[in-house]
Number of protein chains: 2
Amino acid sequence: MSEGAGVASQRIADQLRERILTGQLAPGTRIIQDELAEELRTSRLPVREALRIVASQGLITLRANQGAWVTRMDMRECDLTYRMRERLEPMLLTESAPHLTDDDIDELSELQDRIERGTEVEEFLVLDRRLHWTVYRHHNAEELASICARLWDTTQHYRRAFTRLTGSQRGWIIGAEHRLLIQALRDRDHVSAEQVLELHIRRTRVELSRHPEVFG
Amino acid sequence: MSEGAGVASQRIADQLRERILTGQLAPGTRIIQDELAEELRTSRLPVREALRIVASQGLITLRANQGAWVTRMDMRECDLTYRMRERLEPMLLTESAPHLTDDDIDELSELQDRIERGTEVEEFLVLDRRLHWTVYRHHNAEELASICARLWDTTQHYRRAFTRLTGSQRGWIIGAEHRLLIQALRDRDHVSAEQVLELHIRRTRVELSRHPEVFG
DNA sequence: GCCGCTCCAAATGGATCCATTTCGAGGCCG
DNA sequence: CGGCCTCGAAATGGATCCATTTGGAGCGGC
């Protein structure tokens, strides 16, 4: 795949990705090669390659002779993306779970503690992601993992909007799901862990589908 | 995503993809920018972009400051790819099946007739692919479809080797599975169609896992 | 007053040139 | 004789310049 090529291109791609995931660049925003190049003190060439890298991760959309925009999703696409996650992330869990150490699982508990103590949306998004990917930490399936990461990233903006909207109402549900997941992992009951994870993603999808206003 | 950008880049990417899928370029083959550029009467720049496009589809692997190789898989990766297909292609079927016309289904039957009459490996690969993607013809899920296509493409070389190896021994199994799939679609029994499709992919995966020599 | 045509500025696409990195061949030293 | 080091060719990465395309502003005609 495309982890290689161009140190500069990769750096620029990472920065672009960061800005999109943190919400600095909203879906629909146009990205102009010259602007990015000047701002990052480089030529347009590595910028062009960076745009391609980020496009291959689904975060921006390119159109020939026209330019690049931060990818925009409608509710239908977002729903489908969550359905894919429901089928793929449990696979990723299965690949990783047998290799989780007791320390890993303690780390999961601590992350959930912090999630429950916190109130900031941005903090929640970071911790939630870190929790999930700690579960997947020992996967040995790059392809699968990169697809899952892509599905996660492309819905990040709408997850943020959704979280802001529903506030802490859903906190205890997510908490219960996370705790059940962590306990199943601690018990080495991987089938249940898979099932809880699928449930967790599906429940979020269903709730999201009840908030069309997230998609403006 | 990355359907746009650079008419030339896109053309070159298509040619590269074609050569890999038809087996002209085997996994592990190194691709040198200068050679491709000279052969296609263009400069290295669109070649570089084409390499990125094809890399984003998983068919070649880039390493910074080193170059590009046709992606090589081991049995474990191939097995995982088939497992992903088992979970995703039935989804794609579900998106498309309700919109299949009687003509579409007749076309499927004719394709299967031709598969059963033929003996050439290359012909089989083409017809088999056409059959599957005729089933998916009316999907309205670009992301899902592009992931499925990617999973299909990256295993193409090993499917070819496998087909050459097992010859026509598996022909009647594939025929039965395809016929059952087509009949379920004709009966508008989409749940059964999904199930047959999953079975079909899983059976192929299991057989493939019994032939490690394919990954020599 | 509205629609359409022309032309121009701005942005993307491609070619060429130069810099940098990698890897192997060949020689030198131990 | 073998291992290491150096050097150079070859390939990739980046910068600059030019070509092409696009879309909108402004003018003209109906």
Side-chain angles (χ1 to χ4, degrees), chain A residues 1-20 24-72 142, chain B residues 1-20 24-72 142:
Chain A
M1 228 195 327
S2 71
E3 104 286 332
V7 191
S9 314
Q10 199 62 52
R11 211 195 66 239
I12 297 169
D14 288 342
Q15 290 193 33
L16 245 181
R17 191 164 163 280
E18 177 78 7
R19 289 185 192 187
I20 295 171
Q24 291 172 58
L25 286 173
T29 307
R30 176 158 186 195
I31 296 164
I32 284 148
Q33 298 178 5
D34 281 321
E35 290 180 7
L36 244 186
E38 189 182 8
E39 182 186 341
L40 302 178
R41 313 268 188 229
T42 176
S43 86
R44 264 179 46 224
L45 199 142
V47 170
R48 277 162 71 173
E49 304 211 324
L51 289 177
R52 244 175 227 310
I53 293 173
V54 181
S56 81
Q57 298 166 341
L59 287 177
I60 67 175
T61 301
L62 301 176
R63 284 193 300 178
N65 287 317
Q66 296 191 20
W69 289 261
V70 179
T71 303
R72 191 195 291 265
E142 282 311 320
Chain B
M1 229 194 326
S2 72
E3 103 286 330
V7 191
S9 314
Q10 199 62 54
R11 210 195 67 239
I12 298 169
D14 288 342
Q15 291 193 34
L16 245 182
R17 190 164 163 279
E18 177 78 7
R19 288 184 193 187
I20 295 171
Q24 290 172 59
L25 286 174
T29 307
R30 177 157 185 197
I31 296 165
I32 284 147
Q33 298 178 7
D34 281 321
E35 291 181 6
L36 245 186
E38 189 181 9
E39 182 186 340
L40 302 178
R41 314 269 189 231
T42 176
S43 85
R44 265 178 47 225
L45 199 142
V47 170
R48 278 161 71 173
E49 304 210 324
L51 289 178
R52 244 177 224 309
I53 293 173
V54 181
S56 81
Q57 299 165 341
L59 287 177
I60 67 175
T61 302
L62 301 175
R63 284 193 299 179
N65 287 316
Q66 296 191 19
W69 289 262
V70 179
T71 303
R72 190 196 292 266
E142 282 310 321

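Here is how names work: the chains are called A, B, and so on, in the same order as the sequence lines, proteins then strands, and each is numbered from 1.
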Looking at the side chain of [X], which of [options] is the nearest nucleotide?
| X | options | value |
| --- | --- | --- |
| D34(A) | dG13(D), dA11(C), dA11(D) | dA11(C) |
| L45(A) | dC17(C), dA15(D), dG13(C) | dA15(D) |
| N65(B) | dA11(C), dG14(C), dG13(D) | dG13(D) |
| A8(A) | dC17(D), dA11(C), dG14(D) | dG14(D) |
| S43(B) | dT16(C), dA11(D), dG13(C) | dT16(C) |

Practice problem: Could you check I31(B) against L16(B) for side chain to side chain contact (heavy atoms under 4.5 Å, CB included), going step by step and ending with a plain yes or no? | Solution: CA-CA 10 Å; I31(B) 296 165; L16(B) 245 182; 3.8 Å; yes
Check whether any side-chain N or O of [X] sits under 4.0 Å from OP1 or OP2 of [N], and answer yes or no.
| X | N | result |
| --- | --- | --- |
| Q66(A) | dT12(C) | no |
| S9(B) | dG13(C) | no |
| T42(A) | dG14(D) | no |
| Q33(A) | dG13(C) | yes |

Quiz prompt | S9(A) OG to L62(B) CG distance, which is reported to the nearest 0.5 Å | solution =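 Answer for the OG-CG pair, S9(A) versus L62(B), is 10.5 Å.
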Quiz item: What's the spacing between E49(A) CD and E49(B) CD if we round to 0.5 Å?
Solution: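 One finds 6.5 Å between CD of E49(A) and CD of E49(B).
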Roughly how many Å is it from [atom1] in [X] to [atom2] in [N], rounded to a whole number?
| X | N | atom1 | atom2 | result |
| --- | --- | --- | --- | --- |
| R63(A) | dA11(C) | CZ | C1' | 14 Å |
| E35(A) | dT12(C) | CD | P | 9 Å |
| I32(A) | dA9(C) | CD1 | P | 18 Å |
| E38(B) | dA10(D) | CD | P | 14 Å |
| R11(A) | dG13(D) | CZ | C1' | 13 Å |
| Q10(B) | dT12(C) | CD | C1' | 15 Å |
| L62(B) | dT12(D) | CG | P | 10 Å |
| I53(A) | dG14(D) | CD1 | P | 10 Å |

Exercise. Can you check whether any acceptor in the base of dG14(C) is under 3.5 Å from a donor in the side chain of R48(B), or vice versa?
Key: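 Flag unset: no donor-acceptor pair detected.
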Quiz prompt | Donor/acceptor link under 3.5 angstrom from R44(B) side chain onto base of dG14(C) | solution =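 Between dG14(C) and R44(B), which were checked side chain against base, a qualifying N/O pair under 3.5 Å is absent.
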Quiz item: What do you reckon, is CZ of R30(A) surrounded by more than 12 foreign heavy atoms closer than 6.0 Å?
Solution: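 Atom CZ in R30(A) is crowded, with more than 12 foreign heavy atoms closer than 6.0 Å.
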When all nucleic acid strands are considered with a 4.0 Å heavy-atom cut-off, which category describes [X]: base, sugar-phosphate, or nothing?
| X | answer |
| --- | --- |
| I31(A) | sugar-phosphate |
| R41(A) | nothing |
| L51(B) | nothing |

Quiz item: Using 4.0 Å as the upper bound for N to carboxylate O, is an ion pair formed by E39(A) and R19(A)?
Solution: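 A salt bridge is present here (some side-chain N lies under 4.0 Å from a carboxylate O).
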Practice problem: Ignoring hydrogens and angles, tell me if any N or O in the side chain of T71(A) forms a donor-acceptor pair with the backbone of I60(A) under 3.5 Å. | Solution: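 It does hold such a pair.
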